[in-house]
Amino acid sequence: DKILLAAFGSSDKNIIEKTIISELEKSTKTKYSFIALKYVPYFWLESSIYTVRNRYTSVRKLIKESHIKHIGEALEIFKLGEAVGGSTVEATKNRELERETIIFDVDSFKKDIDVLRSKIEKRAFSLSSGQNQNQVLANLSLVYLALVTGRRFFEIMKNFEITKDENGQILFNGLAKKRDSNNSMRGFILDDFETVVSMIKNVRHYYDDFVSNMTAQQINASYSKTLNNFLKKELAQNITFHTLRERYVEVCELEFNKGKIDKDVFRTYALSHDIDTSASEFYTKQKGS
């Protein structure tokens, strides 16, 4: 504030920005760059890149509303570089990930599962304008299934099934992005088998008519925003279905793997991604655990 006061006669954001606009309005476009240089301290004497970005955004908004003769040139000069702009996006993602890591714990994750199951089984939910019971039941079931199976919502809506083999081992079938001919893998569920099967039926009962002729990509494009908003509202957290997959696999590591094989290998397998390691090494360790 002292530096701004000494340089510009004020440390008040609104006064400084109005002064910038006033100088631009009185100047020729050849001098716009000199004005921008003059006010570099205002934009960059900040510890937060978000404040820098917001100040540039604010000044650009004022430029658009001003009587500057050459608005296009002024906007180009008072523009945050793409590299810096990109860094704010990346920083925002990292900040959100850190925040999500802090608020996540296994007990609350399991509590969310219990609360959702009870709400679905008892039909203990209200309907907003334009909603019907089957729709809300399907969406609640979909969130529940994402929590207990870690599957993508477009898989659950169309092709995902769980079965048991002759040894009682859970199998996930109809998975997207699997290179296996049958799109299957050993499955890990965080609730009982029968409940998971019934929840899949809830989802299909509502969504079959809508998604039967859609590809996974089309389903994702059509429903991603709506379902992520539903998820955030239901769990009262700023998360996505992708976040649930990350949380699911963390709980599976504790419940099923317990450090028996390499954590990263287990995570990769549980999420049905391709494993960048020797198959024989992986299955040897798995068999011996």
Side-chain angles (χ1 to χ4, degrees), residues 1-104 128 152-154 216-247:
D1 286 351
K2 290 181 179 180
I3 293 174
L4 295 179
L5 183 62
F8 309 118
S10 175
S11 60
D12 184 272
K13 171 183 180 295
N14 292 326
I15 292 176
I16 293 175
E17 291 185 358
K18 287 180 180 178
T19 304
I20 293 173
I21 300 303
S22 177
E23 291 190 22
L24 288 170
E25 287 178 334
K26 296 175 183 177
S27 180
T28 61
K29 66 178 179 180
T30 57
K31 295 182 180 180
Y32 288 175
S33 59
F34 293 101
I35 296 173
L37 286 172
K38 175 182 174 181
Y39 286 94
V40 163
Y42 168 68
F43 292 104
W44 290 98
L45 282 179
E46 281 293 335
S47 59
S48 170
I49 188 63
Y50 304 103
T51 302
V52 174
R53 178 194 61 191
N54 291 341
R55 287 187 173 182
Y56 271 101
T57 301
S58 178
V59 169
R60 285 171 60 82
K61 182 175 182 294
L62 291 175
I63 289 173
K64 293 176 183 178
E65 299 169 350
S66 71
H67 299 290
I68 297 170
K69 293 180 181 179
H70 305 281
I71 289 179
E73 285 80 356
L75 288 173
E76 187 62 29
I77 290 172
F78 285 87
K79 178 181 178 181
L80 195 60
E82 291 184 7
V84 178
S87 71
T88 64
V89 174
E90 189 63 29
T92 299
K93 290 180 181 178
N94 292 337
R95 186 172 62 175
E96 285 299 311
L97 286 173
E98 290 173 3
R99 191 180 72 81
E100 289 168 3
T101 300
I102 292 171
I103 65 174
F104 170 61
S128 301
R152 304 170 181 91
F153 71 80
F154 52 83
Q217 291 79 7
Q218 290 171 331
I219 295 172
N220 188 57
S222 298
Y223 291 99
S224 179
K225 183 176 181 180
T226 300
L227 289 176
N228 276 315
N229 287 339
F230 181 89
L231 168 64
K232 292 173 184 178
K233 182 178 180 181
E234 184 60 35
L235 298 187
Q237 298 176 41
N238 185 29
I239 58 176
T240 65
F241 278 88
H242 179 74
T243 308
L244 291 192
R245 276 171 61 77
E246 291 298 317
R247 294 182 176 185

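Keep in mind that the numbers below use all heavy atoms, side chains included, and drop hydrogens, waters and symmetry copies.
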Is the [atom1] atom of [X] crowded by more than 12 outside heavy atoms at less than 6.0 Å?
X      : atom1 : value
Leu5   : CG    : yes
Lys13  : NZ    : yes
Lys232 : NZ    : yes

For Arg55 and Phe43, indicate whether the former's side chain and the latter's backbone hold a donor-acceptor pair under 3.5 Å.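 Between the backbone of Phe43 and the side chain of Arg55 there is no qualifying donor-acceptor contact (under 3.5 Å).
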Donor-acceptor contact present, side-chain Asn229 to main-chain Lys225, <3.5 Å: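 Here the side-chain-to-backbone pair exists.
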Let me have the donor-acceptor pairs involving side chains of residues 21-29, under 3.5 Å, with sequence neighbours excluded, atom names and distances please.
| from | atom 1 | to | atom 2 | distance (Å) |
| --- | --- | --- | --- | --- |
| Glu23 | OE1 | Lys38 | NZ | 3.4 |
| Glu23 | OE2 | Lys38 | NZ | 3.0 |
| Glu23 | OE2 | Tyr39 | OH | 2.7 |
| Glu25 | OE2 | His67 | N | 3.0 |
| Thr28 | OG1 | Thr30 | OG1 | 3.0 |

Determine the minimum heavy-atom distance between Ile15 and Ser10, stating which atoms define it.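 The pair with the smallest heavy-atom distance is CD1-OG, 3.7 Å.
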Ignoring hydrogens, what is the shortest heavy-atom contact between Ala74 and Ile68? Give both atom names and the distance.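 Residues Ala74 and Ile68, closest heavy atoms: CB-CG2, 4.4 Å.
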Residue list, side chain to side chain donor-acceptor pair (under 3.5 Å) with [X], at least two apart or on another chain:
X      : value
Glu73  : none
Asn228 : Ser224
Lys64  : none
Tyr56  : Trp44

If we only count heavy atoms from C-beta on, is the [X] to [Y] side-chain gap below 4.5 Å?
X      : Y      : value
Thr243 : Leu231 : no
Lys233 : Ser128 : yes
Arg247 : Ile239 : yes

Audit row: Glu76, Tyr32, side-chain hydrogen bond (donor to acceptor under 3.5 Å, both in side chains) steps and yes/no: CA-CA 10 Å; Glu76 187 62 29; Tyr32 288 175; over 6 Å; no
Rounded to the nearest 0.5 Å, what separates atom [atom1] in [X] from atom [atom2] in [Y]?
X      : Y      : atom1 : atom2 : result
Ile77  : Lys79  : CD1   : NZ    : 12.0 Å
Phe154 : Gln217 : CZ    : CD    : 7.5 Å
Ile71  : Ser66  : CD1   : OG    : 4.5 Å
Leu62  : Arg60  : CG    : CZ    : 12.0 Å
Phe78  : Ser58  : CZ    : OG    : 12.0 Å
Ile20  : Phe8   : CD1   : CZ    : 7.5 Å

By salt bridge (Lys or Arg N to Asp or Glu O under 4.0 Å), which residues pair with Arg152, not counting sequence neighbours?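 Arg152: salt bridge (Lys or Arg N to Asp or Glu O under 4.0 Å) contacts with Glu155.
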